[in-house]
2 protein chains.
Amino acid sequence: MKKNQSKISIKDIAQELGLSITTISFIINKKAKNRISDEVIQKVEAYIEKVGYKPNSAAQSLRTGKTKTIVFMVEDISDPFFSSVAKEMEKLAFDSGYKIIFCSTDNKKSRAIELISMFKDRQVDAYIITPPEDFQDEIEQLVSENQIVMLFDRFYRDADYNYVVLNNYGSTKRAVEYLKNQGFKNIAYVGLKTELSTLTDRFDGYKEAVREANRENLSLLISFDDVKSEVGNKQFEEFLELHPEIDAILFATNNLAITGLKILKKKNIQIPEDIGVITFDDRDLFELHAPAITVMSQPITSLAKEVISGTLKLLKRKHSIQDKIQIVLDGELIVRKSS
Amino acid sequence: MKKNQSKISIKDIAQELGLSITTISFIINKKAKNRISDEVIQKVEAYIEKVGYKPNSAAQSLRTGKTKTIVFMVEDISDPFFSSVAKEMEKLAFDSGYKIIFCSTDNKKSRAIELISMFKDRQVDAYIITPPEDFQDEIEQLVSENQIVMLFDRFYRDADYNYVVLNNYGSTKRAVEYLKNQGFKNIAYVGLKTELSTLTDRFDGYKEAVREANRENLSLLISFDDVKSEVGNKQFEEFLELHPEIDAILFATNNLAITGLKILKKKNIQIPEDIGVITFDDRDLFELHAPAITVMSQPITSLAKEVISGTLKLLKRKHSIQDKIQIVLDGELIVRKSS
DNA sequence: GACAGTTAGTAAAACGATTTACTTAATAAA
DNA sequence: TTTATTAAGTAAATCGTTTTACTAACTGTC
């Protein structure tokens, strides 16, 4: 009674109740209707409840080929945006009986390949991926192997995959137009030097907005690795010196904004008097900042909801040759003191 | 060649090479020495490499009872402290062939119980847990079922479990002493109303430090649910009004500090001229704040390293009746302008 | 040349579920 | 009474590993 209690299997239940394994299995899987009498069903269910039986998931996986596990391959799980989404996703998935495994690529292609290879061969039912740069071949490969793949945060405009992303183009355009309406004339864009759709779309939105306003394109693109380094700082400082006419800046990511705000503070530039500021992604830091920073915020909860419900929908499908799930959500402008 | 390629098993390899399943398995598991000829070993390894065979983990789990999975049950995965630790942990664990499943309890006992029940019965090799309040019985239960349990961030002083925690008592004491040495006289403590060791130890450290300095205990404890609400704001404001003598505040968590800084700003209290500030946990927000905030920072990387290496050590043990793994790390004081 | 000892390998029983293809008894239809 | 139909349940194969307990051939020793 001490050591043996460790595990109770379907077989034990069958033996105890004088039934066959098949019968128990049918009942557990709700396939007992028109096969097994209500009386027996009740008896078995009561017994299962009583002893707290839980099926062994390894055995289930082996037999069915499904693991009830979803991988969420993210750029960086310690980034507040991704970790907030992750938290919401986790909850929704768990309630549907799925576990989520998170992993960070740091936007490194090699790391991402490594991770996918770890999960290959059916250890996982679906992949939710924020692909690093130059990753379309790997996505294509995964899809061609009939894996379920959902892209998140970034996607490939020319290819037909499942995705949930922000309307980066439109949201950026709206942000620039807001700045314009506030009376700012020379609006600069500080973004990342990358081919990720998230950032190229934001840049395109900016360019279109300034074009429509007959204004000059004043932009600085910093490479991903330099954002938090001295190199990035220097580039930003030089950019400011080169363009004294700038009276507002749109930062394309929260990390860029943090770097930028440090420099602005250092140079004693007043916000919003000297330069107005707006940035992507809300963080409590921006609310607390002096002055509080206007942001284009991503709808975390809705994004998470769409990603999970979409992925679960894909998991339920019999044939993969159906319409793709493609969701685009708008950002929300939260106006504060900085612009 | 198209559909059948889906999976390749040990059996296929055995057949293809005219060997037995056993032989292949031995070679894969490095148990072939003194059993199988080098020639055969080489041939098999080459073939495995060539076809890119990966063992089916469900079958392995079923047979061995191990899932190569660790659960990290955390208070809130979207909290920067926990998500930073999570990221480091994930990396270390993955490199040892373990997957990590994260989940958030929101410090709710009921949610934690729910989650544990989901993972019960060997779906998981080990639990890393930041227990919510009043959770010792559940931990005890888990341990008594011979599950591997590692407590993180908080622990039970009177019970003998595995844990990795910060030296909260000593770190807080040091922080107070630093304030004292900086010339602050009336040092207040703003903490959480909770029995979690993390917070009680910090409070104890504070009390001891002011006692040694023959100073008054000026403290406010806010309950967890009120921190980000109006109730919390009001309590803090009243506290300040009640104690105009306060010239420095130690915040016990970053969330408390954020709330507090908002109020201080609203009341136009100058930092550090009117009141000096120091808080637990470093966040980029504190560095960027005007003025930059002095913090008692937790050694994220070391904490993650200790947790994972400790857990892996436990996983390797044959007998659970060995010494517990109990690690206590010191915080690092990062001095900035606020004190 | 008989015996033990080593070397190189294999057969087969698990692990715990799911599922197909039965059996048997009772009922309804002809 | 015979036959077809339905209801209620079960036997056994299978998923892909790991591992125990073997066999068979060879080597060396006395």
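Below, chains carry the letters A, B, ... as their sequence lines are ordered, and counting in each starts from 1.
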For [X] and [N], what is the distance between atoms [atom1] and [atom2] respectively, to the nearest whole Å?
X	N	atom1	atom2	value
B:K33	C:dT6	NZ	P	18 Å
A:L62	D:dA13	CG	C1'	13 Å
A:I21	C:dT20	CD1	P	17 Å
B:Q15	C:dA11	CD	P	12 Å
B:I24	C:dA8	CD1	P	16 Å
B:I27	D:dT19	CD1	P	15 Å
A:I28	C:dA17	CD1	P	7 Å
B:I36	C:dA8	CD1	C1'	6 Å

* Knowing that exactly one of B:D79, B:V74, B:D76 qualifies, which makes a side chain to side chain contact (heavy atoms under 4.5 Å, CB included) with A:K87? -> B:D76
Presence of donor-acceptor pair under 3.5 Å, side chain of [X] and base of [N]:
X	N	value
A:R35	D:dA7	no
A:T22	D:dA11	yes
A:S37	D:dA7	no

* Side-chain contact, heavy-atom cut-off 4.5 Å: B:E195 with B:D134? -> no
* To do: Answer yes or no: is there a side-chain heavy-atom contact under 4.5 Å between B:E75 and B:F81?
  => no
* Starting at the 5' end of DNA chain C, which residue's closest nucleotide do you reach first, B:A59 or A:R63? -> B:A59
What nucleotide, of [options], holds the atom closest to the side chain of [X]?
X	options	result
A:V40	D:dG9, C:dC15, C:dT10	D:dG9
A:T64	C:dT18, D:dT17, C:dA17	C:dT18
A:S9	D:dG16, D:dT10, C:dG16	C:dG16

Below the 4.0 Å mark, does [N] have OP1 or OP2 next to a side-chain nitrogen or oxygen of [X]?
X	N	answer
A:Y53	C:dG16	no
A:K31	C:dT19	yes
B:T23	C:dT10	yes
A:K7	C:dG16	yes
B:Q60	D:dT18	yes

* Which residue lies more 5' along DNA chain D, comparing A:F26 with A:N34 via nearest heavy atoms -> A:N34
* **Plane angle bin for A:Y163 and A:F155 - parallel if under 30°, tilted between 30 and 60°, otherwise perpendicular** => tilted
* Asked: Looking at A:K316 and A:D125, does any basic side-chain N land under 4.0 Å from a carboxylate oxygen?
  -> no
* Hey, is B:D95 close enough to A:R111 for a salt bridge, meaning N to O under 4.0 Å? -> yes
* Asked: Base, sugar-phosphate alone, or nothing: which one does A:L19 contact when heavy atoms must sit under 4.0 Å apart?
  -> sugar-phosphate
